[in-house]
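Okay, structure first, notes after.
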Amino acid sequence: MSVRVRFAPSPTGMLHVGALRDALFKSLFARHHHGVLILRIEDTDRTRYSPESEAEFISTLKWVGIEFDEGPHIGGPNAPYRQSERKEAGVYQPWIEKLMSLGHAYKAFDTPQELEEMREIQTINKQSTGYYGGVWRDATAEQVAAAEAEGKPYVIRQRIPRDITISIHDAVRGRVEWDSNTIDDPVLIKADGMPTYHFASMVDDHLMDITHIIRGEEWLSSAPKHAALFDAFGWNRPVFVHCPLIVGLDGKKLSKRHGATRVLDYAAQGFMAGPLKNFIALIGWSPGDDREAMSEQELVDAFDISGVQPSPGKFDFEKLKWLNGLAIRAMEPFALLDEITDYLRTPYTLDYFNQLVSDDPKVDPKKIEKALLDLDRAIEKDKPYALEVIKLEQQRVQTLADFGEACAFFFAELPEMDPKAVEKWFGQAHVGQLFDTLIAGCGTTFIDGSDPVDYENALKEFQVTHQIEKLGPIVHPTRVALTGKPTGPGLFELMAVLGPARIKARLLRAKEMLK
RNA sequence: GGCCCGGUCGUCUAGUGGUUUAGGACAUCGCCCUUUCACGGCGAAGAUCGCGGGUUCGAGUCCCGUCCGGGCUACCA
């Protein structure tokens with residue numbers, strides 16, 4: 001049978017990188033084996049479900065480029081794909097009845113208070129907490145009938161077999177076993193009639209012919225319950241694959257308090273889907289050789305469970321930046337310009353910086369937001385010019401967001417001047433003459449379409465005639481006059497892109513600053 | 001507390017008993033390139049393979065113990 005896997009999120013909040021990793025591994029695995037990837041929405045907890053969250057999951061997954069073969073947004077032979085809808089359609093009812101008739105499930109009429117007291121007593125006595133029998137596991141038919149006649153609310157619990165060893169063969173950890181007496185009886189159907197994850201997910205996995213249950217390690221401890229359920233029905237168990245968690249710098253499972261974990265935020269920060277996937281894939285999985293930067297296709301070709309690691313991994317932001325920068329540098333300028341345009345026009349990009357509160361004094365979100373806005377306008381106004389600018393900055397940025405501030409001086413009427421740079425380079429005696437010479441050259445020596453070499457020759461000529469030993473004292477003041485900064489692309493290249501009109505205006509302003 | 005999982009440079013990892021003085025990558029530092037910053041190239045530093053026993057001619061690799069970390073312990077997923 002061909003491989004069938006499912007991504008079954010519970011849309012109760014934002015899509016974070018842990019969930020992305022989960023989806024990515026499944027996607028890579030399905031594609032590698034030419035199998036099927038299903039999206040199933042686990043919304044059995046009606047109090048926590050949010051439609052906005054589901055929308056974010058679907059749109060983020062689309063942005064990142066993970067596509068499903070079946071799901072609520074596209075349909076498929078196993079519809080519906082939302083568990084609440086499946087419940088309404090009566091999918092689970094016959095199965096819970098069958099399980100009870102088989103003796104593998106029973107009604108339990110305990111009240112929440114009774115359960116709480118039970119746990120308290122267990123805690124005090126240093127026993128493991130959980131429902132290992134209570135009064136209802138072994139209640140007589142009469143007791144149950146009486147409780148039902150009273151109209152008492154009840155849940156349906158799974159009757160975990162006692163005094164046996166439950167073992168699974170986990171694809172990344174090997175054999176894992178439990179004494180079944182340490183496994184409590186999980187609730188399968190809640191008092192409101194909704195199935196729990198334990199029940200709905202396993203029934204659906206069986207009904208949808210899921211071959212591999214790939215999920216995070218946090219599920220390992222409930223695996224024996226799930227295995228026992230498959231056994232109770234007499235179904236073939238899927239292969240269990242418990243992947244290591246992505247943890248925060250503190251080594252703990254990723255959560256909101258670990259700061260930036262929302263996938264959308266990475267997109268807003270200018271990370272591209274390709275490198276992000278590449279990076280995420282490398283946490284907890286390795287192709288087995290030294291490869292790091294891999295294309296989508298290489299990832300699919302190389303991915304398999306044998307490369308999945310058992311130990312948890314931390315999210316190394318610096319490495320993500322490196323991978324992203326590598327991808328930017330590898331792009332064709334035209335494609336890059338399109339990528340940047342898409343990025344700028346995604347509403348969340350500007351919203352993100354607008355709402356961002358920086359704890360780093362060197363990072364000013366408002367300034368980044370403005371630079372991004374200016375870049376968008378500049379691209380619209382003069383695309384060929386913007387393309388030349390992008391080409392020059394492509395080699396020195398790591399994220400799409402970096403283009404904003406890196407390119408700003410090209411588009412500003414007159415660039416913002418860095419006072420330190422001005423102080424350092426505008427003091428020497430020849431600077432006034434230098435600027436005059438260059439201003440005079442604009443329109444004569446320098447015309448639209450002049451090459452970098454033309455600018456280089458002119459500056460070198462000035463060097464010779466004024467007998468200046470090095471080119472630095474000429475290049476640096478000119479750079480500061482033109483860009484406002486001491487760093488940036490090669491001076492001659494940027495002059496050629498700027499063109500004589502802009503150069504002249506900037507030099508005239510710089511001359512004023514000499515006085 | 002109970003059950004389960006994990007433990008190789010700061011970080012991600014290679015390594016499935018012997019070509020290992022433990023390899024690669026990010027980050028760090030140095031040199032080269034160079035008009036600057038990057039990029040790129042070269043190089044350095046950085047891991048007594050958590051610790052202790054054992055098995056073996058030989059262990060990061062197998063076994064036991066121990067420590068530390070983590071996950072789960074809901075009518076959440």
Side-chain angles (χ1 to χ4, degrees), chain A residues 8-12 42-45 47-48 108 110 112 115-116 119 122-131 153-157 170 172-173 176-179 181-184 186-198 200-201 215-224 242 244-245 247 249-253 279 282-293 306-307 309-323 325-326 329 393-398 406 421 425 456 459 470-476 478-480 483 485-492:
Chain A
S10 180
T12 56
E42 310 260 332
D43 57 350
T44 51
D45 185 350
T47 59
R48 297 203 313 156
D110 312 80
L115 292 176
E116 199 173 316
R119 275 186 222 107
Q122 287 170 329
T123 304
I124 290 167
N125 294 326
K126 298 202 170 183
Q127 294 168 317
S128 44
T129 56
Y131 200 92
Y154 63 89
V155 298
I156 299 176
R157 287 182 184 270
D170 183 84
V172 336
R173 286 149 223 280
V176 183
E177 52 182 47
W178 293 262
D179 175 346
N181 295 334
T182 67
I183 311 296
D184 65 337
V187 171
L188 263 19
I189 303 292
K190 306 180 215 179
D192 65 1
M194 281 298 264
T196 59
Y197 171 91
H198 294 303
S201 212
R215 53 179 19 172
E217 196 201 324
E218 76 241 59
W219 290 105
L220 187 55
S221 25
S222 37
H242 290 99
L245 261 16
V247 298
L249 270 6
D250 57 0
K252 293 196 168 77
K253 190 175 153 184
F279 170 69
L282 259 16
I283 304 178
W285 173 78
S286 154
D289 52 38
D290 287 341
R291 283 182 291 172
E292 301 274 351
S306 57
Q309 254 232 331
S311 56
K314 293 183 178 129
F315 193 95
D316 182 1
F317 196 62
E318 295 304 320
K319 191 161 182 172
L320 206 213
K321 286 200 282 196
W322 168 69
L323 241 18
L326 219 52
R329 272 170 255 134
E393 295 293 352
Q394 184 176 7
Q395 301 303 315
R396 58 201 87 234
V397 300
Q398 289 188 304
W425 292 108
E456 182 171 1
L459 291 188
K470 287 182 166 182
L471 203 53
I474 296 167
V475 164
H476 297 308
T478 309
R479 169 186 298 286
V480 174
T483 73
K485 302 187 297 181
T487 62
L491 180 66
F492 312 130

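The structure displayed is predicted, hence computed values, not measured ones. By convention in this document, chain letters (A, B, ...) are assigned in the order of the sequence lines, proteins followed by strands, and residues within each chain are numbered from 1.
- Taking only side-chain atoms of H476(A), from C-beta outward, the nucleotide of U35(B), C75(B), G24(B) with the closest atom is U35(B).
- For P112(A), taking side-chain heavy atoms from C-beta onward, the closest of the listed nucleotides C75(B), G1(B), C3(B) is C75(B).
- With both pairing distances under 3.5 Å, C37(B) is matched to nothing as a Watson-Crick or G-U wobble pair.
- Of the candidates U73(B), G10(B), G40(B), G40(B) carries the atom nearest the L326(A) side chain, counting heavy atoms from C-beta on.
- The pair D289(A)-R291(A) counts as a salt bridge, with a side-chain nitrogen and a carboxylate oxygen less than 4.0 angstrom apart.
- With hydrogens and angles disregarded, no donor-acceptor distance shorter than 3.5 Å links the side chain of T129(A) to the backbone of Q122(A).
- Phosphate contact (OP1/OP2 of A77(B), side-chain N/O of T44(A), threshold under 4.0 Å): present.
- At U73(B), none of the side-chain N or O atoms of R119(A) fall inside 4.0 Å of OP1 or OP2 (strictly under the cut-off).
- For A14(B), one of the phosphate oxygens OP1 or OP2 lies less than 4.0 angstrom from a side-chain nitrogen or oxygen of S286(A).
- Atom C1' of A45(B) sits at a distance of 13 Å from the matching atom of G10(B), rounded to the whole Å.
- Taking 4.0 angstrom as the limit, R48(A) places none of its side-chain polar atoms (N or O) nearer than this to OP1 or OP2 of A77(B).
- Between R396(A) and U36(B) there is no side-chain N or O to OP1 or OP2 distance below 4.0 Å.
- For the C1' atoms, the distance from A59(B) to C63(B) is 12 Å, rounded to whole Å.
- Of the possible polar contacts, none joining the D110(A) side chain to the L115(A) backbone as a donor-acceptor pair under 3.5 Å is found.
- Side-chain atoms of I283(A) lie closest to U13(B) of the nucleotides U13(B), G40(B), G6(B).
- Of the two residues near RNA chain B, W285(A) and D43(A), the one whose nearest nucleotide lies more 5' is W285(A).
- Remark: C49(B) base-pairs with no nucleotide in the shown strands. Criterion, Watson-Crick or G-U wobble with two distances under 3.5 Å.
- Among the atoms of the strands shown, only primed sugar atoms or phosphate atoms (P, OP1, OP2) are found under 4.0 Å from some heavy atom of E177(A).
- With a 3.5 Å ceiling on both atom-pair distances, the Watson-Crick or G-U wobble partner of G7(B) is C67(B).
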Annotated protein contacts, base or backbone, on nucleotides 16-21 of chain B with a non-hydrogen cut-off under 4.0 Å, one of B, S, - each: ------

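- Taking side-chain N and O atoms only, Q309(A) has a distance below 4.0 Å to OP1 or OP2 of A14(B).
- Counting atom types as modelled, K319(A) pairs a side-chain N or O with a base atom of C12(B) as donor and acceptor under 3.5 Å.
- Atom P of C68(B) sits at a distance of 23 Å from the matching atom of C62(B), rounded to the whole Å.
- Checking G7(B), C5(B), A77(B) against every side-chain atom of S10(A), the shortest atom distance belongs to A77(B).
- The partner of A27(B) cannot be assigned: no Watson-Crick or G-U wobble pair with both contacts below 3.5 Å exists in any strand.
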Per-nucleotide protein contact string for nucleotides 59-72 of chain B, where B marks a base within reach and S marks sugar-phosphate only (heavy atoms under 4.0 Å, - for neither): -----------BBS

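- In terms of position along RNA chain B, the nucleotide closest to P310(A) lies nearer the 5' end than the nucleotide closest to the other residue of the pair P310(A) and T487(A).
- Nucleotides U56(B) and U61(B), compared at atom C1', are 13 Å apart to the nearest Å.
- Atom CG in D192(A) sits roughly 14 Å away from atom C1' in A74(B) (whole-Å rounding).
- With both pairing distances under 3.5 Å, C62(B) is matched to G54(B) as a Watson-Crick or G-U wobble pair.
- One can find a donor-acceptor pair under 3.5 Å joining the base of G24(B) and the side-chain atoms of E292(A).
- The pairing partner recorded for G1(B) is U73(B), the criterion being a Watson-Crick or G-U wobble arrangement whose two distances lie under 3.5 angstrom.
- At the heavy-atom level, G216(A) lies nowhere under 4.0 Å from the strands shown.
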